[in-house]
Engineer: 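Quick one: the structure is below, questions incoming.
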Amino acid sequence: MTAEPSAVDDSAADASAGGPSADNAGTVSRLIRAWFVEHGRDLPWRRDGFGAWGILVSEIMLQQTPVARVIPRLEQWLERWPTPEALAAAAPGDAVRAWERLGYPRRALNLHAAATAITHNHGGMVPEDVPSLLALPGIGEYTARAVAAFAYGHRHPVVDTNVRRVIARVVLGQGEAGPPSTRRDLAAMEELLPADPTDAQSTNAATMELGAIVCTARKPLCQECPVRDLCQWRADGYPVYEGKRPAPQKRFEGSDRQVRGLILAELRASDVPVTPEEIVQVWPDSAQRERALDGLLRDGLVVLSGADYELP
DNA sequence: GACGCGTGGCG
DNA sequence: TCGCCAAGCGT
């Protein structure tokens, strides 16, 4: 729950005791927004009139994928499929092919399925409310709120990995965010959010941006941080994080993930169904190869065509 | 809540 | 070189 005023009187920036509490949440928000106006990147999805569909596509592509790799693919994608209806009319496999090497190709399949649902269940319009967005395949807690907030200006806390890190440091005085907890994370961001929807929207975007380019995971640029004087982590002398951490990623080389990627690359590159003999060439270990192939079939990324394999 | 899921760049 | 990291989601 919000409940804190903060709208008036920014004179008492205080912060004498270190990190911000509800008292100066408004100051933190204001400082981050002011910094964002000055230093935020000019990204395609932030342009006026970019549209809810474009924003939705961008958010899906940005899931675990760096901005620099998304931008060119996004532009091509929207040129080819400028509306949900256009994408829904294509074969799912065309979406997987157009995804190219963005990674996590299930996102392409989910995006196609979401476009189909939007076309058939929402009159071709990207839904505005969080529950409807959450019901779409491939859209979870983060993406649903990001679309509602950034495409439609609704006032929701939007919490991604960057926001979690900023809150962990500035508010909680911890160097790392630890494992995510949707409930806690949304409540923490809600504390920072101004009552005005427009200010709330820019607070969401600005906090994400701050985490992306200043309050970074490694080597944060505290000298350039607009809230360095309010930061609890800094006030405490940058204590080393001792709490729980998410499980580390597993090695990619030799993993099932790699094999899946190689098989899918083979299918993307072929106009015709790929034979089992050709699949064998992709990876020598048969047990691992079969496991990867079964997984792809189960995920619907690959389908049978007689004895051969192809994209859906 | 933990785990599996791609790919590439960077320190 | 190699481990970490990058606007998460579904099971």
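A note on names: the letters A, B, ... follow the listed sequences, proteins ahead of strands, and every chain is numbered from 1.
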Engineer: Indicate, with a heavy-atom threshold strictly under 4.0 Å, whether Pro137(A) touches base, sugar-phosphate, or nothing.
Structural biologist: sugar-phosphate
Engineer: Nearest heavy atom decides the nucleotide; on that basis, is Glu141(A) or Ala217(A) closer to the 5' end of DNA chain C?
Structural biologist: Ala217(A)
Engineer: Between C1' on dC9(C) and CG on Leu134(A), what's the gap in Å once rounded to a whole number?
Structural biologist: 11 Å
Engineer: In whole angstrom, give me the gap between the C1' atoms of dA2(B) and dA7(C).
Structural biologist: 22 Å
Engineer: The side chain of Arg218(A) lies closest to which of these nucleotides: dG8(C), dC5(C), dT7(B)?
Structural biologist: dC5(C)
Engineer: What is the nucleic acid contact for Trp45(A), judged by heavy atoms within less than 4.0 Å: base, sugar-phosphate only, or nothing?
Structural biologist: base
Engineer: Could you give the CD-to-P distance, from Gln258(A) to dG4(B), as a whole number of Å?
Structural biologist: 16 Å
Engineer: With a 4.5 Å cut-off on side-chain heavy atoms, are Thr65(A) and Arg107(A) touching?
Structural biologist: yes
Engineer: Using atom CG of Leu62(A) as one end and atom P of dA6(C) as the other, report the distance to the nearest whole Å.
Structural biologist: 13 Å
Engineer: NA contact type, Gly140(A), heavy-atom cut-off 4.0 Å: base, sugar-phosphate, or nothing?
Structural biologist: sugar-phosphate
Engineer: Which is true for Thr161(A) with a 4.0 Å heavy-atom rule: it touches a base, it touches only sugar-phosphate, or it touches nothing?
Structural biologist: sugar-phosphate
Engineer: Does Arg106(A) have a side-chain nitrogen or oxygen under 4.0 Å from the phosphate oxygens OP1 or OP2 of dG10(C)?
Structural biologist: no
Engineer: Going through the checks in order, is the side chain to side chain donor-acceptor pair (under 3.5 Å) test met by Asn162(A) and Arg165(A)?
Structural biologist: CA-CA 5 Å; Asn162(A) 292 306; Arg165(A) 186 171 53 249; 2.8 Å; yes
Engineer: Could you tell me the separation between the CZ atom of Arg245(A) and the C1' atom of dC3(B), rounded to a whole number of Å?
Structural biologist: 19 Å
Engineer: For nucleotides dG1(B) and dA6(C), find the distance between their C1' atoms and express it as a whole number of Å.
Structural biologist: 22 Å
Engineer: Could you check how far CD1 of Ile55(A) sits from C1' of dA7(C), rounded to whole Å?
Structural biologist: 13 Å
Engineer: Can you tell me how far P of dG4(B) sits from CG of Leu301(A), to the nearest Å?
Structural biologist: 18 Å
Engineer: Measure the distance from CD on Gln64(A) to P on dG4(B) and round it to the nearest whole Å.
Structural biologist: 15 Å
Engineer: How would you label the contact of Arg291(A) with the nucleic acid (heavy atoms, under 4.0 Å): base, sugar-phosphate, or nothing?
Structural biologist: nothing
Engineer: How close or far is atom P of dG8(C) from atom CD1 of Ile60(A), stated in whole angstroms?
Structural biologist: 11 Å
Engineer: Can you confirm whether Glu85(A) is buried at CD, in the sense that more than 12 heavy atoms of other residues, nucleotides or ligands lie under 6.0 Å from that atom?
Structural biologist: no
Engineer: Taking the side chain of Ala212(A) as its heavy atoms from C-beta onward, which of dC4(C), dG8(C), dA7(C) lies nearest to it?
Structural biologist: dA7(C)
Engineer: Quick check: do Pro194(A) and Arg33(A) have side-chain heavy atoms less than 4.5 Å from each other?
Structural biologist: yes
Engineer: Over all strands shown, is Leu102(A) touching base, sugar-phosphate only, or nothing at heavy-atom distances under 4.0 angstrom?
Structural biologist: base
Engineer: Which part of the nucleic acid does Ala247(A) contact within heavy-atom distance under 4.0 Å: base, sugar-phosphate only, or nothing?
Structural biologist: sugar-phosphate
Engineer: Taking 4.0 Å as the cut-off, does a side-chain nitrogen or oxygen of Arg101(A) come that near to OP1 or OP2 on dG8(B)?
Structural biologist: yes
Engineer: Assess whether side chain to side chain donor-acceptor pair (under 3.5 Å) is satisfied between Gln63(A) and Tyr142(A), documenting all intermediate values.
Structural biologist: CA-CA 9 Å; Gln63(A) 290 168 3; Tyr142(A) 163 74; over 6 Å; no
Engineer: Count the heavy atoms belonging to other residues, nucleotides or ligands that lie under 6.0 Å from CZ of Arg183(A), then report whether that count exceeds 12.
Structural biologist: no
Engineer: Of the listed nucleotides (dC3(B), dA7(C), dA6(C)), which one gets closest to any side-chain atom of Pro66(A)?
Structural biologist: dA6(C)
Engineer: Have a look at Arg41(A) and say if it touches a base, only the backbone sugar-phosphate, or nothing, with a 4.0 Å heavy-atom cut-off.
Structural biologist: base
Engineer: May I ask you to evaluate whether Arg251(A) reaches the phosphate of dG3(C), defined as a side-chain N or O under 4.0 Å from OP1 or OP2?
Structural biologist: yes
Engineer: Report which part of the nucleic acid Pro105(A) touches: base, sugar-phosphate, or nothing (heavy-atom distance under 4.0 Å, all strands).
Structural biologist: sugar-phosphate
Engineer: Would you give the length of the straight line joining atom CD of Glu266(A) to atom CD of Glu278(A), rounded to the nearest 0.5 angstrom?
Structural biologist: 6.5 Å
Engineer: NA contact type, Ser58(A), heavy-atom cut-off 4.0 Å: base, sugar-phosphate, or nothing?
Structural biologist: nothing
Engineer: dG8(C) phosphate, OP1 or OP2: any side-chain N/O from Gln63(A) under 4.0 angstrom?
Structural biologist: no
Engineer: Could you say whether Val67(A) or Gly138(A) is positioned toward the 5' end of DNA chain C, judged by the nucleotide with the nearest heavy atom to each?
Structural biologist: Val67(A)
Engineer: By nearest nucleotide on DNA chain B, pick out whichever of Asp256(A) and Pro179(A) is the more 5' one.
Structural biologist: Pro179(A)
Engineer: Can you tell me how far P in dC3(B) sits from the matching atom in dC4(C), rounded to whole Å?
Structural biologist: 15 Å
Engineer: Ignoring hydrogens and angles, answer whether the base of dA6(C) and the side-chain atoms of Gln249(A) contain a donor-acceptor pair closer than 3.5 Å.
Structural biologist: yes
Engineer: When you check the gap from the basic side-chain N to the acidic O, do Arg155(A) and Asp196(A) get nearer than 4.0 Å?
Structural biologist: no
Engineer: Taking only side-chain nitrogens and oxygens of Lys250(A), does any of them come within less than 4.0 Å of OP1 or OP2 of dC3(B)?
Structural biologist: no
Engineer: For dA7(C), does OP1 or OP2 lie under 4.0 Å from any side-chain N or O of Thr65(A)?
Structural biologist: no
Engineer: Describe the nucleic acid contact of Arg260(A) in one word from base, sugar-phosphate, nothing, applying a heavy-atom distance below 4.0 Å.
Structural biologist: sugar-phosphate
